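Owing to the predicted nature of the structure, the values given are computational and were not obtained by experimental measurement. In the text below, chain A, chain B and the rest are named by the order of the sequence lines, each starting its count at 1.
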Amino acid sequence: MTEPAAFRARVLALVARIPEGRVMTYGQLALLAGQPGAARQAGFVMNSLMGEGELPWQRVINAQGRVSTHRLGFGDMQEQLLAAEGVIFDATGRCDLSRLQWWPEEAAHTGPAPLL
DNA sequence: AGTGTGACACTAA
DNA sequence: GTTAGTGCCACAC
């Protein structure tokens, strides 16, 4: 299942499971999708989707706790959407990842998830 | 087929 | 705490 299509499908499935008010990082998605180091691809998948369905793409942010859509002009929108879910962004545009980062039940632990 | 680019992550300074 | 450099994989040109 190392095919790009499978990777994309897994990322989508993971994103779809992110609870409201919680977030996941690109690297985390890539790791859980079975492709550690493919964080950029996770972002590429999102870019390919962006508005395809009811997918909460807004809950995917980078490892710094910042939104990475500022360049696309979606930065403010994403922050606002997350803020509406209870995610607090500080003055520097960052949020508390250690508290908001969500892990799926399959990986239910605080450390790295070597599953899949 | 090779080069450049990108919704990233990690380490070092 | 931050910014800069390097590695990563897939896609577009």
Could you state the atom-to-atom distance from [atom1] of [X] to [atom2] of [N] in whole Å?
| X | N | atom1 | atom2 | answer |
| --- | --- | --- | --- | --- |
| A:L72 | B:dA7 | CG | P | 5 Å |
| A:Q41 | B:dA9 | CD | P | 12 Å |
| A:Q35 | C:dA10 | CD | P | 6 Å |
| A:R8 | C:dA10 | CZ | P | 15 Å |
| A:M24 | B:dA7 | CE | C1' | 15 Å |
| A:Q28 | B:dC8 | CD | C1' | 13 Å |
| A:L81 | B:dA7 | CG | C1' | 14 Å |
| A:Q58 | B:dA7 | CD | C1' | 13 Å |

Subject >> Side chain of A:Y26 (C-beta onward), nearest among B:dC10, C:dT2, B:dA7 >> reply: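 The answer is B:dA7, which lies nearest to the side chain.
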Classify the nucleic acid contact of [X] as base, sugar-phosphate or nothing, counting any heavy atom under 4.0 Å across all strands shown.
| X | value |
| --- | --- |
| A:F44 | sugar-phosphate |
| A:T25 | sugar-phosphate |
| A:N62 | sugar-phosphate |

Subject >> Residue from A:E79, A:R94, A:M77 passing side chain to side chain contact (heavy atoms under 4.5 Å, CB included) with A:V67 >> reply: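 Answer after filtering A:E79, A:R94, A:M77: A:E79.
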Original post:
So, does A:Q78 use its side chain to make a donor-acceptor pair with the main chain of A:V60 at under 3.5 Å?
Top reply: yes
Original post:
Can you give the dot-bracket line for DNA chain B, using ( ) for pairs inside the strand, [ ] for pairs that cross earlier ones, | for pairs with another strand and . for unpaired bases, where Watson-Crick and G-U count if both distances are under 3.5 Å?
Top reply: .|||||.||||||
Subject >> side chain to side chain contact (heavy atoms under 4.5 Å, CB included) assessment of A:T25 paired with A:N62 >> reply: CA-CA 5 Å; A:T25 67; A:N62 60 26; over 6 Å; no
Original post:
So, A:Q41 versus A:Q35: side-chain donor-acceptor pair below 3.5 Å or not?
Top reply: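 The answer is no; no qualifying pair exists.
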Subject >> Short side-chain donor-acceptor distance under 3.5 Å, A:E85 and A:Q58 >> reply: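 Judged by distance alone, the side chains do pair up.
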Original post:
Which is it for A:V11 and A:M46 under the side chain to side chain contact (heavy atoms under 4.5 Å, CB included) test, yes or no, and what are the steps along the way?
Top reply: CA-CA 9 Å; A:V11 171; A:M46 293 279 109; 4.1 Å; yes
Original post:
Where each residue is assigned the nucleotide of DNA chain C containing its nearest heavy atom, which of A:A38 and A:R94 is assigned the position nearer the 5′ end?
Top reply: A:R94
Pair up each side-chain donor or acceptor in residues 12-24 of chain A with any protein partner under 3.5 Å, not counting sequence neighbours, and list the distances.
none

Subject >> Under 4.0 angstrom between A:R40 side-chain N/O and B:dA9 OP1 or OP2 >> reply: no
